[in-house]
Colleague: 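Let me give you the structure first, and then I'll get to my questions.
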Amino acid sequence: MNPGALFKFRLYVAGDTPNSTQAKSNLAAFCREKLPDRHEIEIVDVLREPKRALADGIFMTPTLVKLMPLPVRKIIGTLTQTASVLQALGLEGTVV
Amino acid sequence: MNLEMPVPAADAGDEISALIETLVATEQRLEELTAGEVDTVSGSDGRTFLLRRAQEQLRHSEAAKQTAILGDLQVLFDLMPAMIWFKDTNNHILRVNRRAADDIGKLPGELEGKSMGEIYPQDAAKYYADDLEVIHSGKQKLGIIETIRNRAGETLWIQTDKVPVCDKDGKVVRIVVMAQDVTERIHAEEKLRLLNSAVLQAKESILITDAQLDLPGPKIVFVNPAFTQMTGYTEAEVIGKTPRILQGPRTDKAVLKQLRENLAHGEAFSGEAIQYRKNGQEYFQKWQITPLQNPSGAITNFVSIQSDITDQKRTETRFRRLVDSNAQAVLFWNTNGEISGGNDAFLRLAGYTREEMEAGRINWVAMTPLEYAELDQRALKELAATGVCTMYEKEWLRKDGVRVPILLGAAMFEDNPEEGVCFILDLTERKKLEQQFRQTQKMESFGRLAGGVSHDFNNILAVIKMQLELFKDEGRLSPEQVVCLDEIGVSADRAAALTRQLLLFSRNETLQLRDLDLNQSVHGMTNMLRRILGADIEVQFRFSPQPMGIHADAGMMDQVLLNLAVNSRDAMPKGGQLIIETAAVNFDQTAQVPPPSGRPGAFVCLSVTDNGCGIPAANLARIFEPFFTTKSAGKGTGLGLATLFGIVQQHKGWVNVESEVGRGTTFRIYFPRLDKISSIAQKTEPPKLNALPGGNETILLVEDDDFLRPSICNTLSRLGYHIIPVSNGIKALEIWQERRDDIQMLITDLVMPGGMTGKHLGELLLKQKPKLKVIYASGYSAEIAGTDFPLKEGFNFLTKPFHSQKLAKTIRDRFDKPAG
């Protein structure tokens with residue numbers, strides 16, 4: 001995998017609920033640390049845009065979708081478990 | 001009333017319980033499945049469920065957020081350094097913040113609900129007017145600058161913003177007022193405004209440059225209007241230029257060099273130099289430059305304050321010229337006695353050279369005789385106290401040691417109490433004049449004395465002579481007795497002549513012009529002249545063979561001769577020869593007219609020649625000046641030749657002097673010569689009394705001398721006159737009252753005791769009886785009679801002592817001849 005590739009994320013949250021809030025801050029910290037200057041994050045509040053969540057097949061919040069680089073991956077939860085997140089995102093073992 | 005309400009079925013309870021259990025179980029299972037990390041789950045139909053824990057947490061966080069916001073707002077409200085009021089539209093306070101309440105010494109709660117009028121009785125109306133504007137317009141009003149009084153009664157300046165709060169219909173329901181204390185700012189602005197107007201209105205020109213010292217030099221960033229007025233350059237013309245535009249060919253380069261050096265060292269500068277206006281005109285500028293520093297100490301600008309001192313310089317120059325005019329001695333001194341400067345007049349007076357003065361070799365103390373040191377000290381004290389000293393007289397020791405009397409006035413310089421200026425008048429001439437004046441006064445008082453004595457003496461002589469004549473008239477005397485009486489008469493005449501000489505000497509004599517023979521006059525003086533001249537001087541008289549007829553005052557002629565003789569005597573201290581000569585001379589139109597004021601015609605020349613020391617040419621021009629004398633003090637009045645000159649002029653003549661130092665002097669005096677000499681009285685025997693003309697008129701005789709009065713009375717009675725003798729003017733007036741109609745003549749002495757002079761009496765009686773004949777008599781009269789009082793010898797005046805013959809003739813003439 002190209003180590004300089006751009007990561008595009010979309011995080012589905014439900015307002016300022018605790019898990020969603022935590023997921024937002026974990027994702028921001030993770031990106032700042034692991035993917036500085038090569039990430040984009042889009043936040044979708046399902047309480048405001050319920051139809052979009054349905055259309056995207058999101059059944060729980062918080063849910064992180066890695067849109068780029070392919071393949072698309074989904075991670076549900078607060079993103080507290082860094083190791084499993086890395087694994088899920090295909091960044092496992094990558095020295096950044 | 002029957003209300004339809006949904007009522008749960010009575011049997012629904014069990015089912016509800018069962019469903020809740022299921023709900024709780026479902027929630028628990030969802031939690032387990034999502035490991036507690038999920039907040040919402042959605043069904044396939046899109047319905048989203050917020051899990052219960054998330055719901056609770058969300059609810060708490062919302063509440064906490066609200067609380068936090070409200071808390072922040074409260075803090076903002078209370079701690080903001082502005083005063084905030086919420087007011088309703090009726091000028092009532094809804095809420096105020098702590099700052100606003102503090103300002104008037106209350107708690108916010110105490111103000112709520114109060115009307116503004118209660119809180120600010122004086123200013124509420126003014127504030128509300130602005131409120132109403134906002135309420136009516138619905139628009140905010142910002143930046144109102146106004147005043148407010150705090151609890152201490154101080155007036156603060158505030159800047160107020162007023163914002164309307166509207167309901168959903170747009171109607172203003174409240175108004176928010178926020179005010180900030182801008183007192184300091186306003187004061188600072190006021191101070192700045194004052195400074196600004198001071199700079200703009202200053203009479204001194206003010207110029208500010210940057211601090212760029214590299215060529216071409218600091219550039220002008222500001223000038224005030226006075227600069228434009230002084231230089232003619234407008235602000236726009238000079239901004240960005242350097243002040244060098246004001247300099248020109250006559251600007252002192254040394255001053256500019258000093259200026260640059262001072263500025264380079266960050267030091268202030270002050271100086272004076274010629275500058276140039278825009279139109280090229282020169283002016284003298286005095287200026288002071290001060291560097292301005294920013295807070296970190298770096299010089300950012302130079303401020304130059306300039307004034308046009310052209311007028312001052314001109315005044316200085318004029319004063320300088322005044323000093324240089326040398327009309328008076330001027331010197332500059334210091335309290336150590338050093339004389340640092342002075343004009344030529346001073347140097348001449350002190351006898352020093354300018355070089356000696358500049359070398360500091362003139363010292364006031366050294367120039368002051370010891371006895372004047374105390375006077376100087378007193379003047380110094382006065383100077384220290386008042387800045388000037390009263391003028392005083394002292395003496396100076398000139399460089400050659402001669403004492404010079406001076407009058408001096410001194411003043412201290414305002415800017416330096418150690419130095420001053422001194423004006424000095426040389427009193428040498430004045431002192432000399434004063435001494436001469438004193439001498440003249442002495443002579444005058446001697447004259448008065450002599451005149452007074454002569455008067456009485458003449459009265460005595462008059463008695464002697466009249467009694468003699470009466471005696472001789474008796475006709476019973478032996479020839480020997482007649483000879484004795486004649487001898488007495490001759491002696492009395494000589495005594496009268498001596499008295500007359502005394503009067504002449506004191507000049508207390510009326511000018512009595514008559515025709516006379518100058519030969520006779522000179523001859524009459526021979527004895528006296530010999531007496532005055534002494535034995536060492538040989539006198540020669542050379543009389544012209546024919547009579548020298550002139551119209552003159554005999555006494556004056558005697559004085560002229562006397563003065564010349566005395567001068568000649570003084571010119572010959574060891575003796576010599578004096579020639580007195582009379583001669584007839586004629587000057588025709590074309591030639592021979594001797595200077596200085598001669599004219600053609602027939603003249604008598606009286607010349608007096610001595611072989612004395614002579615008169616130096618330098619003095620010759622001045623010998624007729626009053627008080628000019630070369631004789632030592634006390635020996636001469638300096639009036640002799642001046643008197644002579646005056647007498648000769650009065651007689652329409654002139655004087656000519658020839659002199660040679662070491663050889664002698666000749667004075668020639670010319671008088672107009674009379675054609676007819678027949679009128680000159682020939683000396684004859686006096687006729688007998690009974691041969692004299694008489695009359696029967698009534699005469700009032702006023703004579704204070706108790707011996708003379710009966711003599712006159714006796715003589716006139718014998719001539720047939722009716723005489724009423726009285727001794728003074730007052731008694732004369734008494735008689736006059738009774739016998740005014742009878743009295744046809746008044747004969748009165750001019751000088752009498754008793755408070756009424758003869759002149760006064762005569763005037764008084766003439767006023768009452770204009771036809772009255774008046775004859776005045778006196779031993780002397782000129783000064784007493786006055787210039788407005790015409791006296792004519794033999795007409796209305798008799799000089800005492802007089803012969804009976806003259807008395808009789810004058811009286812008869814007065815009665816018989818018309819006035820004129």
Side-chain angles (χ1 to χ4, degrees), chain A residues 9-31 34 41-67 72-89 91, chain B residues 6 15-80 166-168:
Chain A
F9 298 107
R10 187 180 289 153
L11 179 65
Y12 294 85
V13 296
D16 290 331
T17 50
N19 288 326
S20 296
T21 304
Q22 196 170 1
K24 275 192 273 188
S25 72
N26 282 343
L27 175 63
F30 167 80
C31 285
K34 304 290 184 187
I41 298 169
E42 184 189 9
I43 306 286
V44 177
D45 186 347
V46 300
L47 299 183
R48 292 169 184 266
E49 299 175 276
K51 284 180 184 165
R52 187 163 168 192
L54 181 67
D56 291 348
I58 300 302
F59 299 103
M60 285 172 277
T61 59
T63 300
L64 176 68
V65 179
K66 184 192 75 162
L67 299 167
V72 173
R73 290 279 180 82
K74 289 183 184 174
I75 305 165
I76 294 167
T78 60
L79 309 177
T80 309
Q81 305 293 326
T82 312
S84 44
V85 172
L86 284 174
Q87 190 186 11
L89 293 178
L91 290 167
Chain B
E15 193 182 347
I16 286 169
S17 297
L19 282 171
I20 285 170
E21 273 175 30
T22 312
L23 205 58
V24 170
T26 306
E27 286 256 2
Q28 275 176 351
R29 185 59 190 146
L30 281 170
E31 286 281 343
E32 284 168 18
L33 286 174
T34 60
E37 291 200 2
V38 166
D39 301 317
T40 60
V41 292
S42 307
S44 52
D45 57 356
R47 280 189 297 181
T48 300
F49 295 96
L50 195 60
L51 296 183
R52 188 169 49 82
R53 193 170 50 84
Q55 280 177 26
E56 284 168 4
Q57 284 172 338
L58 201 57
R59 201 162 50 238
H60 282 134
S61 81
E62 285 293 326
K65 207 190 263 175
Q66 281 297 322
T67 308
I69 288 170
L70 280 176
D72 287 348
L73 283 176
Q74 190 64 44
V75 166
L76 185 68
F77 189 63
D78 282 338
L79 299 186
M80 237 181 86
C166 303
D167 64 10
K168 60 183 187 316

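Since the model is a prediction, treat every value here as computed from it, not as a measurement. Throughout, protein chains are lettered first and strands after them, A, B, ... in sequence-line order, and every chain is numbered starting at 1.
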Colleague: More than 12 non-hydrogen atoms from neighbouring residues, nucleotides or ligands closer than 6.0 Å to CD on Glu32(B), yes or no?
Modeller: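 More than 12 within 6.0 Å, yes.
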
Colleague: Given Thr17(A) and Thr40(B), is the side chain to side chain contact (heavy atoms under 4.5 Å, CB included) satisfied, shown in steps?
Modeller: CA-CA 9 Å; Thr17(A) 50; Thr40(B) 60; 5.6 Å; no

Colleague: Looking at Pro18(A), Ala55(A), Gly77(A), which one has more heavy-atom pairs under 4.5 Å with chain B than the rest?
Modeller: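 Between Pro18(A), Ala55(A), Gly77(A), the count favours Pro18(A).
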
Colleague: Just so I understand: if I count every heavy-atom pair under 4.5 Å between each of Val38(B), Val41(B), Leu50(B) and chain A, which residue has the most?
Modeller: Val38(B)

Colleague: How many angstroms lie between atom CD of Gln22(A) and atom CD of Glu37(B), to the nearest 0.5 angstrom?
Modeller: 7.5 Å

Colleague: Could you have a look at Thr78(A), Leu79(A), Asn19(A), Leu47(A) and say which one has the most heavy-atom pairs with chain B under 4.5 angstrom?
Modeller: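 Result: the option with the highest number of such pairs is Asn19(A).
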
Colleague: Please check this pair: side chain of Asp39(B) against backbone of Ser20(A), looking for a donor-acceptor N/O pair closer than 3.5 Å.
Modeller: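 Looks like yes, one N/O pair under 3.5 Å.
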
Colleague: Does atom CZ of Arg48(A) have more than 12 heavy-atom neighbours from other groups under 6.0 Å away?
Modeller: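 Check fails, neighbour count at 12 or below.
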
